[in-house]
Amino acid sequence: MANLMEQARAQVLSLTQKAYEKAAAAGALPPGVEVKAVVDSPKDAKNGDFATSFALAGAKLMKMPPPAVAKALLENLDLEGSFFQKAEVAGPGFLNFTFGPSWYGEVLKAIEAEGETYGAINEGQGKKVMVEFVSANPTGTMTIGNARGGVLGDATAAVLERAGYEVWREFYVNDAGNQVEKFALSLEARYIQLIQGEDAVAFPEDGYHGQDIWELAKLFRETHGDAYLDMESEARQEVMRAFGLAHNIAKMKTDLERYGIRYDQWFLESSLHESGYVEDTVKLLTDAGHTYEKDGALWLNNTALGGDKDEVLRRSNGFYTYYAVDIAYHRNKFVVRGFDKVIDVLGADHHGHALRFAATMTAPALGMEGKTLDFLIMQLVQLLQDGKEVKVSKRSGKSITLSDLLDEISVDAARFAFNAKPTNHLVFDLDLAVRQDSENPVYYVQYAHARLCSLIARLGEEGFGVKDAGQIDAACLTSEEERALVKTLAGLPEEIRYAARAYDPSRVGRYLIALAGDFHRFYSAHRIKGEAEEVLYARLKLADSVRAVLSNCLKLLGISAPEKM
RNA sequence: GCGUCUGUAGCUCAGGUGGAUAGAGCAACUGCCUUCUAAGCAGUGGGUCAGGGGUUCGAGUCCCUUCAGGCGUGCCA
C-alpha cells in the first residue's frame with residue numbers, strides 16, 4: 001500500500017529539517033528555532049512538484065528575510081538518495097523540489113504491484129462500519145432523491161472499503177408504524193373503489209394519492225379477485241398491507257440491483273417490535289430517568305441530553321413513535337451487532353432529527369460510549385427538464401421514479417451524475433444526463449479508457465507487449481504531459497484518504513476527470529507507436545498504468561469501463 | 001424567532017491543516033484528423049470569491065457582522 005505522494009511529502013519535510021540543522025550548526029541560521037512548515041503541491045508546474053514554506057514561516061523567528069533563510073537552506077540541502085533531483089528558491093521564499101526519474105519508476109511499480117486494489121490504504125484498520133442508505137418507505141416507489149442517496153451511500157461504502165474498513169451496507173425497511181397503516185387504508189379504499197366505483201367509499205384524507213396505489217390495488221384484485229370485499233375491514237387491511245409491502249419491497253430490490261446496488265441486509269423495522277426490543281429500549285431510558293409522562297404520552301427528556309426539544313417515545317394511544325424505534329434500531333446496530341461506526345445517509349428534511357438524535361445517543365444508559373454515529377445529510381435534488389424545475393412530491397404522485405430514470409439514461413450516466421457533488425444542493429439536468437455526448441463527463445472518462453484499451457491492443461498485435469515496471473526506463477518520461485500523468489496516478493491513495501475521511505466519494509469522480517484529462521493531453525502531444533524502443537516501452541507502461549487506474553476507479557464507483565466505444 | 005446548509009465566470013461546480021497569477025466542464029468564438037479511437041486536443045474572451053469589518057508576512061479559506069435562498073423546528077417517518 002504505497003502512498004508515494006505522502007512519502008514524498010514527508011521527505012521534503014525531513015530534507016528541509018536536516019538542511020536547517022546543518023545550516024544552524026554551520027552558523028548560517030540561528031539555532032534552536034522550531035518551524036511549523038507546510039509542504040504542498042504548487043498549482044503551477046514551473047514551481048516544481050513540491051514546495052515548502054519553511055523559510056516563510058521561520059523568517060520572523062529567525063529575524064531574517066525569507067529569501068535569505070531559503071538560500072541558507074538550499075546551500076545545506078542534500079538530495080542524495082531522495083526522490084528529488086532538484087531544489088530551488090523561488091517567489092517570496094518558497095523552496096521548490098522537483099522529482100527525479102526514480103520517483104516516476106516507483107509510481108509505476110506500485111500500480112503494477114497492487115493491481116485492482118491500487119489506491120488502497122489502511123486507515124480503517126479493519127474496523128466494522130455500517131452504511132445505512134436509501135431506506136425508502138415501502139409505501140411507494142423510489143424517487144430521484146433515493147437515486148442520489150443510493151449512489152452516495154454505495155460509493156461512500158466503496159471508498160471506505162478501499163480505505164481499509166470492513167463495510168456493511170444496510171437498508172432499513174419501515175414496514176411498521178403510522179405510514180404503513182395509511183398505506184393499508186389507501187390500498188383498501190382503492191380496492192373497494194375498483195369494484196364498487198369511486199363513490200362507494202371515501203378515500204382517506206391523508207392517504208397516498210399516487211397512481212401506484214391504484215396499480216397495486218388492481219394487482220391485488222387480479223391475484224385475489226373480489227373475495228376480500230365482504231371481509232371484516234381489519235383483517236382485509238392486514239392482508240392488503242402484507243401484499244403491498246411484499247410487492248413494493250421486491251420492486252425496490254429489483255430497481256436497486258439494476259442500479260448496481262446490493263445490500264448485505266434488508267433490516268425490517270417490524271422485527272424490532274416483534275422481539276420486544278423497542279419496549280426494552282424505552283424501559284432502559286425510563287429506568288435511567290430520561291423520560292416523563294405528559295398528556296398521556298411518554299416523553300424523552302432530550303433537552304437534558306443536549307437536544308433542542310423533547311420527543312415523544314410512546315403516544316397516548318399506546319404506539320411507539322418512529323423516534324423510539326430509531327433509538328432501538330441504533331442500539332441494535334452498535335450494541336447487539338457490534339459496529340464501531342455507523343453512517344446514516346439522510347435527506348436534508350431529516351437534519352433536525354439527526355441533530356436531536358445525536359444528542360439522544362449520548363445517554364449513558366444506551367451503552368454506546370466509544371461508538372461513532374455520523375450522519376451524511378444530502379440536500380434535496382432539484383430536477384430540471386426543458387430548463388424548468390420539476391417538482392418532486394410523493395404525495396401528489398407526480399414524482400419521477402428511479403425506474404423511470406433508468407429507462408431514460410444508463411446506469412453509468414446516472415451514477416456519475418449523482419456522484420458529481422458531495423452532499424450539497426444538486427441540480428440534476430435530465431436533458432443533459434440523457435445526452436450521450438461529450439457534454440456528459442462520464443463519456444469523457446470512459447472514452448479515455450476505451451482509447452487506451454484500443455491503443456494497447458494495437459501495439460500488442462504489432463508485437464509490443466506491456467513490460468514489467470522494473471524493465472522500463474522511467475527516465476524516458478521527461479515531458480510535461482508525462483510527468484503530470486504520473487503525478488496524478490500517484491495521487492490516488494491520498495484522494496481515497498480524503499474521500500474516506502470526508503465521506504465524499506465525489507472526489508473520486510473528479511479524480512477520474514482529471515486523470516482522463518491528463519491522458520487525453522498526453523495522447524495528443526505524444527505518440528507511442530514508431531518511437532525508439534526505450535521510449536515506446538516506457539510510454540506503453542505508462543499508458544497501461546493509466547488504463548488500470550481508470551478501470552479501478554470506475555469500478556469503485558459502480559461504473560463500467562468499456563473497452564470499445 | 002431559533003437551528004442548519006448554501007452563496008466563487010453567463011450556466012453547473014472544484015478549491016485538505018491559510019500560500020505564489022482563483023481553477024475545471026458546459027455555453028460562445030478560432031484552429032487541428034493521408035500517422036496508435038476527433039465522445040479528443042490547442043487557443044481566445046469571461047471574476048467586487050454575496051456585502052462590510054477583523055486576525056497576519058499572506059485570506060476564497062479563520063473570526064465577527066449584514067444580506068439573500070433551501071431545509072428543519074409534528075403524539076409524521
Side-chain angles (χ1 to χ4, degrees), chain A residues 36 38 40 42-44 46-47 51-53 56-57 59-60 65-66 90-94 96 135 137 139 174 176-180 182 206 269 294-299 308-309 311-317 319 321-323 325-326 347-356 377-380 382 384 387 420-429 432 436-448 450-459 461-462 464 494 497-498 501-502 506-507 510 513-514 516-517 519-531 539-540 543 564-565:
Chain A
K36 242 183 79 182
V38 171
D40 59 12
K43 284 173 210 146
D44 192 337
K46 286 191 197 84
N47 290 323
T52 176
S53 60
L56 289 159
K60 202 172 188 185
F94 287 101
N96 296 337
S135 300
N137 267 321
T139 53
N174 299 113
N178 235 1
Q179 298 301 324
V180 174
K182 279 183 199 166
D206 51 356
E269 173 185 345
K294 195 177 95 183
D295 304 330
L298 183 70
W299 290 73
D308 63 338
K309 63 187 274 288
E311 287 280 352
V312 171
L313 294 179
R314 194 178 56 232
R315 291 183 278 165
S316 49
N317 65 11
F319 289 108
T321 59
Y322 159 84
Y323 203 87
V325 183
D326 214 22
D349 50 342
H350 286 70
H351 88 254
H353 166 75
L355 286 175
R356 276 188 293 284
I377 309 232
M378 52 171 189
Q379 302 296 306
L380 300 177
Q382 186 185 1
L384 281 184
K421 294 186 67 173
T423 56
N424 24 352
H425 181 81
L426 181 127
V427 176
F428 190 88
D429 188 334
L432 188 85
Q436 302 207 357
D437 61 24
S438 57
E439 278 190 40
N440 199 331
V442 70
Y443 298 109
Y444 184 77
V445 176
Q446 289 182 320
Y447 180 63
R451 224 179 189 186
L452 275 158
C453 288
S454 157
L455 163 65
I456 293 162
R458 185 64 68 86
L459 282 159
E461 285 165 15
E462 295 181 17
F464 300 106
E494 279 199 316
R497 191 174 68 209
Y498 288 124
R501 280 188 189 167
S506 73
R507 296 191 71 112
R510 265 174 262 121
I513 293 174
F519 167 69
H520 285 310
R521 278 184 287 277
F522 159 78
Y523 184 89
S524 300
H526 306 284
R527 294 190 56 78
I528 299 178
K529 206 163 82 175
E531 295 289 332
R539 287 183 182 165
L540 181 56
K564 279 184 187 160
M565 279 177 77

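As the structure is a computational prediction, the values presented were derived from the model and not from experiment. Proteins get letters first, then strands, A, B, ... in listed order; numbering begins at 1 in each. Any value given below was found using the heavy atoms of this structure, including those in side chains, with hydrogens, waters and symmetry copies removed.
In B/rC26 the O4'-C1'-N dihedral to the base is more than 90° from 0, which defines an anti nucleotide.
Using a 4.0 Å heavy-atom criterion, one finds that A/Arg458 contacts the sugar-phosphate atoms exclusively. Counting any heavy atom pair closer than 4.0 Å across all strands shown, A/Glu494 reaches a base atom. Nucleic acid contact for A/Ala420: none, since no nucleic acid atom lies under 4.0 Å from a heavy atom of the residue.
For A/His350, there are no side-chain hydrogen bond (donor to acceptor under 3.5 Å, both in side chains) partners at least two apart in sequence or on another chain. Remark: A/Tyr322 engages A/His353 in a ring-ring contact (aromatic ring centres under 6.0 Å, His included) (not counting sequence neighbours). Residues meeting the ring-ring contact (aromatic ring centres under 6.0 Å, His included) test with A/Phe94, sequence neighbours left out: none. For A/Gln379, there are no side-chain hydrogen bond (donor to acceptor under 3.5 Å, both in side chains) partners at least two apart in sequence or on another chain.
For B/rG60 and B/rA20, the C1' atoms lie 15 Å apart once the distance is rounded to whole Å.
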Identify each atom pair where a protein N or O and an N or O of nucleotides 3-8 of chain B are less than 3.5 Å apart, giving names and distance.
residue	atom	partner	partner atom	Å
B/rG3	N2	A/His351	NE2	2.6
B/rC5	O2'	A/Gln379	NE2	3.3

Sub-3.5 Å pairs of nitrogen or oxygen atoms, protein against nucleotides 55-58 of chain B:
residue	atom	partner	partner atom	Å
B/rC57	OP1	A/Lys60	NZ	2.5
B/rC57	OP2	A/Lys60	NZ	3.2

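With salt bridges taken as basic N to acidic carboxylate O contacts below 4.0 Å, none links A/Lys529 and A/Glu531.
One can find a donor-acceptor pair under 3.5 Å joining the base of B/rA20 and the side-chain atoms of A/Asn96. Between the side chain of A/Thr321 and the base of B/rC75 there is no donor-acceptor pair of N/O atoms closer than 3.5 Å.
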